[in-house]
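Remember, predicted model here, so these are calculated numbers, not experimental data.
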2 protein chains.
Amino acid sequence: MSGKKSSTSTRQIREANLRAVLHDMWDSDPVTGSDLMASTGLTRATVHDVCEDLAHRGWIHEVENQREHGDYRLGRPARRYCFQPMAGVLVGVDCGQDMTVATVTDLRGRTLTRHDHAFSSTEHSAEERLDVLSRTVLGALEKASLAASQVLAVAVGVPAPVDVDGRTVGTANPFWERMNPNIVEYLADRHGWTALVDNDANLAALAEGWRGAGRGLRNFVTLLTGEALGAGIVEEGRLLRGVRGGAGEMRFLDLVEGVGSPTGIGALSRDWAREALRDPKTHPTSSLRKLAPEDIDAEAVFAAAAAADPLATEVVERLGARCARIVSTLAVLLDTDRIVLAGALSGSYTGILRTIERDLPRYVHPPLPVVAASELGDEAVSIGAVRRALDHVREQALEIELPPAHPVPAPAHPS
Amino acid sequence: MSGKKSSTSTRQIREANLRAVLHDMWDSDPVTGSDLMASTGLTRATVHDVCEDLAHRGWIHEVENQREHGDYRLGRPARRYCFQPMAGVLVGVDCGQDMTVATVTDLRGRTLTRHDHAFSSTEHSAEERLDVLSRTVLGALEKASLAASQVLAVAVGVPAPVDVDGRTVGTANPFWERMNPNIVEYLADRHGWTALVDNDANLAALAEGWRGAGRGLRNFVTLLTGEALGAGIVEEGRLLRGVRGGAGEMRFLDLVEGVGSPTGIGALSRDWAREALRDPKTHPTSSLRKLAPEDIDAEAVFAAAAAADPLATEVVERLGARCARIVSTLAVLLDTDRIVLAGALSGSYTGILRTIERDLPRYVHPPLPVVAASELGDEAVSIGAVRRALDHVREQALEIELPPAHPVPAPAHPS
DNA sequence: AGCATTAAATATAGGAACTAGATTTATTTC
DNA sequence: GAAATAAATCTAGTTCCTATATTTAATGCT
């Protein structure tokens, strides 16, 4: 509000310091001026000045009763500042083929609420998609009594290639364009939100690098293994996108021997099991024969395999052999540290992993990449979406004007 | 030398301005203070101050007779500054299996001299390799009467995976380790040079992006097609490296249908032609039958194909069909704009390109990537090495202390 | 030749953001 | 209640920048 204008040059310094201090405080407990002096190398005067600036902007606040937090004894009590995790909220959405899940978190990525909503069918219209997406997010916000104005960023994962600007264009594939009917613009126009759209496998990769099996790694690949395979490739900590967001597209598997298609583990486990069951002579004692054909799904197959059912074991074995080839291809070309198999049933992939481990040395020279199953199950995409929103907000923090501190409706009676 | 110390904060501003001005001047004609004011947004006083600083450091100099350069008429003549392309020199080396080529350039990448030297055999020792490399660079410098102290950076391309630090370790492949026997350390210890080592395909990619078929593109792949295939992958303007520098390794082609190995076009054209010639019944009239078997090499095959020889044409056709599959794999997974086929004979790849263009739609959905042949021939790696050195020097300019202005030996007679 | 015009250089004053060191202040400990 | 302590606050002083006034070295016109 104060119309002070400083030169672009000097503002650069202040901006860098604001950024450094905010970064330091984002994920830590309340810190003192001296703490910040040590971590930033600035003098005390500057540190407090910067902190007051950040407090003014609403990102941090000064902790009043200092005694409670610190365990020091002597000297004048230090001023303590603390990051405001509720200065705004983030929304991460997994906007899949069949349903939408929205997760609302604070600025540290701690979940506040989740809310989901199914589409009427897999072939739902673009209009329905946008409407359901919108209502799912609003529903989640309402659950936690949060106002739309508190949302600093909404990130949405869709099963389609997405370019840097969050758009899906020029793909000559109507399915993909329907999956992402310019969500960015829609959310901005309708709710005024900063929206980020990304490919679901890319977001799953972000999730794995944050809270999953890729934690701490700068080079890894996440393979989404549901109906169709899709890879999220992280190289030197950066997500690969490609020209139109198509990086990680697995259609090339058509050409790989022993693979032949980009069909996912979820689909194949079901299809292969059904196919085998059609011939009454193969594994006549299999427990899967007790189920109706339409009840044979990935979950049933993995459950049977876990119980050592011979037919299911054979399917899992075959899936593992196939995966070994897929994983090798990626590992060799990209020289990656780890490949994470993600998907709703990733918790049941131990059998597949065993086979991959056995076959990998046939195709890859040492050092071999680590192949692991995701621990995030079907939450990978929405967690990754939250992370995407979080990254954006951390990056843009100084350009963001925070909503007023407490938009909770004031008590009905006058002061 | 002047022991002034400014705070890290204020130094950041000055550094950013030095960088901006130096960057502006690197590739342009002499510029005036007013030009720089427009491009940097700084005031005149600051611009001249920064320029004097840069002149002091030796990167630029003030042009004396201003009239000659400008075409202005009125007003007080402007001070003009010009980048010093000979403030130091760069060396780019292609250190291959059979020979070494060193290119010396000025700071704008304009070639001053080239010098090459063959190894005693493809199985030469690490010691010989380092020695020949060393002598090739010194030979090139001597040709242009340049002192070793003028070298600001030496970049070396080797046929091996190389990590970010320029080392080849942990590959369990003695050939690779012999190709890069810690060249960085050797050149630093023996000559005091800043050395950068990189994979040859990566450097070829840099060359293509600079002066070749990838010029201006942020996403493209360069395929080295000589004896063994190797890819240099550029994504968002950045070279992919992978954990140990192995990104772009093509061993995964073992698993690709209709490909089966990472053997290069150079090797296959020769092998396939020889194989066909062994059966006297296939194409008995082929002009290649006039050559001794040991004279059948890639060059001969492509020359014959250009003259419509049926046997050679069949080989080229087969190569094209194979390349289409390889190119598709990369294009789909990486969603790249263009794939450049590089190699000593890239000038003769028109036949191959025709076949690729025909086959590509079988494997890739539109929009199709552009496939092009390199125009750089066997210079791709050394040009890329120069570019690597240039990038390093531009990046590190402010940290580099330039050698004294004119190390040319003073005339023998006194003043 | 001499003077107006012009575009740049130079000089002067002032501000933002930082550092450094002296002084003050709020605590705990003895 | 005084000493010890660690931090806050205050007072200069720095660097690097901007803004504006003044000066300078050309050209062009009479």
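For B/His61 and B/Phe83, the gap between ring centers reaches or exceeds 6.0 Å.
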Practice problem: Test A/Asp337 against A/Arg218 for salt bridge (charged side-chain N to carboxylate O under 4.0 Å, His left out), laying out the working first. | Solution: CA-CA 8 Å; A/Asp337 256 336; A/Arg218 296 186 60 73; over 6 Å; no
Practice problem: Give the intermediate values and the outcome of salt bridge (charged side-chain N to carboxylate O under 4.0 Å, His left out) for residues B/Asp198 and B/Arg241. | Solution: CA-CA 10 Å; B/Asp198 216 323; B/Arg241 235 166 245 294; 3.0 Å; yes
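Contacts between residues 40-50 of chain A and DNA chain C, defined by a heavy-atom separation below 4.0 Å, involve A/Gly41, A/Leu42, A/Thr43, A/Thr46, listed by number.
Summarising the geometry, the separation between CZ on B/Arg76 and C1' on C/dA7 is reported as 10 Å, rounded to the nearest angstrom. Here C/dA17 presents its C1' atom at 12 Å from CD of B/Gln12, a figure rounded to the nearest Å. The CG-P distance, from A/Asp53 to C/dA17, rounds to 9 Å in whole Å. Atoms CZ (B/Arg11) and P (D/dT14) sit 17 Å apart, rounded to a whole Å. Between the P atom of D/dA6 and the CZ atom of A/Arg80 lies a distance of 14 Å, rounded to the nearest Å. Between the C1' atom of C/dA16 and the CG atom of A/Leu18 lies a distance of 13 Å, rounded to the nearest Å. The CZ-P distance, from B/Arg79 to D/dA26, rounds to 14 Å in whole Å. Rounded to a whole Å, the CE atom of B/Met37 is 8 Å from the P atom of C/dA9.
No side-chain heavy atom of A/Asp165 sits less than 4.5 Å from a side-chain heavy atom of A/Val184.
The pair B/Arg394-B/Asp27 meets the salt-bridge criterion, since a charged nitrogen lies less than 4.0 angstrom from a carboxylate oxygen.
Listed candidates were D/dT27, C/dC18, C/dA16. Nearest to the side chain of B/Leu74 is D/dT27. Looking at the side chain of B/Ala78, the nearest of the listed nucleotides C/dA8, D/dT15, D/dA6 is C/dA8.
Every side chain to side chain contact (heavy atoms under 4.5 Å, CB included) that A/Thr111 has, sequence neighbours left out, goes to A/Thr103, A/Thr105, A/Arg114.
Side chain to side chain, A/Asp35 and A/Thr32 meet the donor-acceptor criterion of an N or O pair below 3.5 Å.
Note on B/Thr32: nothing from the nucleic acid sits closer than 4.0 angstrom, heavy atoms only.
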